[in-house]
**Student:** 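Take this structure, written in structure tokens, and hold onto it; I'll ask about it next.
Just so it is clear: chains get the letters A, B, ... in the order the sequence lines come, proteins before strands, and each one is counted from 1.
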Protein chains: 2
Amino acid sequence: MIKVLVVDDEPQIARALRINLAAHGYEVSTASDGAQALRAAAAIVPDLVVLDLGLPDMDGTEVIAGLRGWTKAPILVLSGRAASAEKIAALDAGADDYVTKPFDIGELLARVRAATRRSGPGADSPVTEIGGATVDLAAREVHRGGEEIRLTPTEWQLLEVLLRNPGKLVGQRELLHRVWGPNYDRETNYLRQYMAQLRKKLEEDPARPAHLLTEPGMGYRFRP
Amino acid sequence: MIKVLVVDDEPQIARALRINLAAHGYEVSTASDGAQALRAAAAIVPDLVVLDLGLPDMDGTEVIAGLRGWTKAPILVLSGRAASAEKIAALDAGADDYVTKPFDIGELLARVRAATRRSGPGADSPVTEIGGATVDLAAREVHRGGEEIRLTPTEWQLLEVLLRNPGKLVGQRELLHRVWGPNYDRETNYLRQYMAQLRKKLEEDPARPAHLLTEPGMGYRFRP
DNA sequence: GTCACCTTTGACGATTTCTTGACGGCCCCC
DNA sequence: GGGGGCCGTCAAGAAATCGTCAAAGGTGAC
């Protein structure tokens with residue numbers, strides 16, 4: 001089932017979207033502000049995000065950037081502003097479509113179909129190899145030698161951020177923000193703790209990691 | 001170069017699109033009716049199609065269907081009709097986006113960027129060449145002859161400031177401020193120390209630097 | 001209430017990185 | 001020719017960071 005995350009601070013609109021999307025066979029989650037949206041997205045890993053730009057806590061483009069950091073799921077932006085500059089900013093931040101309110105629900109559904117059609121058959125099961133383990137981010141599964149390995153939610157989030165940036169260094173501040181939230185800046189002991197757990201579960205030789213690498217003083221890197 | 005096929009029977013609009021797209025680095029072809037469009041598409045295999053629905057010879061959805069039969073290139077539909085039924089029909093026929101005329105050219109370009117961004121993820125981060133080494137600032141990676149070279153955090157910061165101002169002289173005070181903070185003004189020995197380390201790691205002949213140059217009494221300069 | 005699991009915290013050597021001081025060579029100016 | 005300033009280099013102590021172990025909250029299931 002296709003998972004859709006609806007982000008809107010107006011309960012009526014959120015409710016209307018939820019009902020219509022659910023009626024067409026989508027699995028719908030909702031969030032009412034930017035922080036909630038980012039957390040919910042990390043938790044449920046949606047296939048599509050419908051995002052209202054008029055959120056109370058964050059600028060819309062920040063939310064888009066936060067999502068784009070780790071997911072390629074289509075982002076469909078709703079907004080009351082029809083100004084071209086707004087549209088351009090949102091689209092260039094990483095949004096896939098921009099619909100101005102008031103909108104026709106039928107058209108929105110068609111745009112949702114168009115967006116999911118592209119991304120749907122494109123990616124089957126993006127499995128990543130780490131040491132002797134295979135990681136399936138979409139299915140949230142890790143196997144090693146036929147055995148299934150369980151990861152905790154925090155371990156998943158951390159691993160996902162790293163795997164979505166293969167080869168690239170991810171700063172420790174960025175990791176903390178993405179996994180624990182914007183208020184965490186210096187709790188690098190969290191990173192040490194969870195990186196050690198991930199290595200123990202995934203790496204062939206946890207003491208000498210070959211794929212989950214430390215860049216001293218900067219952050220961590222996943223090497224395929 | 002990204003190839004765009006513009007299909008419109010109104011010469012003014014087709015011309016305006018061609019000029020704007022070409023100005024932004026796209027390779028543009030044009031067609032003025034549906035049959036031409038399908039033939040041109042088969043010939044040049046575009047990466048994106050901008051399609052006006054009001055064609056003289058065929059219905060717009062037929063053109064979309066004809067393209068969708070063999071290509072997954074994004075189709076961006078232009079139309080004077082704002083009716084939702086039209087939009088839904090076009091989107092469900094296989095279009096990726098639908099823009100009603102009159103449209104803002106900046107917005108259209110943003111939608112083109114959004115559409116091509118999805119389909120063409122073959123964008124590696126830009127690398128800079130220094131001596132025999134390749135520096136990837138985004139990934140925080142340095143290679144030289146297949147070997148990986150490690151830089152410390154301070155070395156990265158210093159190198160980044162220089163590389164982001166290619167060819168330009170950066171004063172030593174500016175370097176100290178950017179890397180160590182606003183309280184450092186005269187600690188030029190830091191610069192000497194770290195410039196020497198960078199040269200040893202990056203330059204072909206560290207004693208006679210070819211890219212990380214000293215401007216005596218002023219500062220340092222990166223020469224590409 | 002108890003249990004199992006996950007998250008958060010604290011602390012400690014081992015290692016890397018940063019800072020600091022000193023010395024000689026070079027160039028420019030006097 | 002002499003002097004001063006600036007740069008490159010080397011070496012060693014100080015500081016920060018990392019991996020690891022251990023244990024204290026928290027939360028939900030039963």
**Student:** In whole angstrom, what separates B:Gln172's CD from D:dG8's C1'?
**Tutor:**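 Taking atom C1' of D:dG8 as the reference, CD of B:Gln172 is at 14 Å.
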
**Student:** Give the rounded distance in Å between these two atoms: CG of A:Leu212 and P of D:dG19.
**Tutor:**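 Going from A:Leu212 (CG) to D:dG19 (P), I get 11 Å.
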
**Student:** Between B:Asp47 and B:Lys3, does any side-chain N to carboxylate O distance fall below 4.0 Å?
**Tutor:**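 Salt bridge absent between B:Asp47 and B:Lys3.
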
**Student:** D:dT17, OP1 or OP2 - any side-chain N/O from A:Thr214 closer than 4.0 Å?
**Tutor:** no

**Student:** Using only heavy-atom distances, determine whether the side chains of A:His177 and A:Asp185 contain a donor-acceptor pair under 3.5 Å.
**Tutor:** yes

**Student:** Kindly give the heavy-atom pair with the smallest separation between A:Lys101 and A:Glu10, and that separation in Å.
**Tutor:** NZ-OE2, 3.0 Å

**Student:** What integer distance in Å separates B:Arg173:CZ from D:dC6:P?
**Tutor:**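 Answer to the nearest Å: 12 Å.
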
**Student:** To the nearest Å, how far apart are A:Arg199 CZ and D:dG19 C1'?
**Tutor:** 8 Å

**Student:** Checking side-chain contact (heavy atoms from CB on, under 4.5 Å) between A:Leu51 and each of A:Leu78, A:Leu76, A:Ile64, which is the one that passes?
**Tutor:** A:Ile64

**Student:** Using a 4.0 Å heavy-atom cut-off, write out nucleotides 13-22 of chain C from 5' to 3' as B (base contacted by protein), S (sugar-phosphate only) or - (no contact).
**Tutor:** ----SSBB--

**Student:** Just how far, in rounded Å, is P of D:dT17 from CG of A:Leu175?
**Tutor:**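 Distance check: A:Leu175 CG to D:dT17 P gives 16 Å.
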
**Student:** Report which part of the nucleic acid A:Arg186 touches: base, sugar-phosphate, or nothing (heavy-atom distance under 4.0 Å, all strands).
**Tutor:**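 Since no nucleic acid heavy atom lies under 4.0 Å of A:Arg186, the category is nothing.
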
**Student:** Counting any heavy atom closer than 4.0 Å, what does A:Glu215 reach on the DNA or RNA strands: base, sugar-phosphate only, or nothing?
**Tutor:**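 Contact class for A:Glu215: none.
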
**Student:** Take atom CG of B:Leu198 and atom P of D:dC7, then tell me their distance rounded to the nearest Å.
**Tutor:** 16 Å

**Student:** Mind grabbing the angle between the end helix axes of the helix from C:dG1-D:dC30 to C:dC30-D:dG1? Five pairs an end, 10° rounding.
**Tutor:**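 Taking five pairs per end, the axes differ by 40°.
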
**Student:** Measuring to OP1 and OP2 of D:dC6, would you say a side-chain N or O of B:Tyr220 lies under 4.0 angstrom away?
**Tutor:**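 No, no such contact exists.
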
**Student:** Please determine which of A:Thr100, A:Val77, A:Asp97 meets the side-chain contact (heavy atoms from CB on, under 4.5 Å) test together with A:Lys87.
**Tutor:**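 Exactly one pass, corresponding to A:Thr100.
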
**Student:** Would you please indicate if the ring centroids of B:Tyr194 and B:Trp180 are separated by under 6.0 Å?
**Tutor:** yes

**Student:** Between atom CG of B:Asn20 and atom OH of B:Tyr26, what is the distance when rounded to the nearest 0.5 Å?
**Tutor:** 11.5 Å

**Student:** If you round to the nearest 0.5 Å, how far is CZ of B:Arg150 from CG of A:Leu213?
**Tutor:**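 Nearest 0.5 Å value for the CG-CZ distance: 9.0 Å.
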
**Student:** Roughly how many Å is it from NZ in A:Lys200 to C1' in D:dC18, rounded to a whole number?
**Tutor:** 16 Å

**Student:** Tell me the closest heavy-atom pair linking A:Arg81 and A:Ser79, and the distance in Å.
**Tutor:**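 Closest pair (atom of A:Arg81, atom of A:Ser79, distance): N-OG, 2.9 Å.
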
**Student:** Between A:Asp205 (CG) and D:dG19 (C1'), how many Å, whole number?
**Tutor:** 14 Å

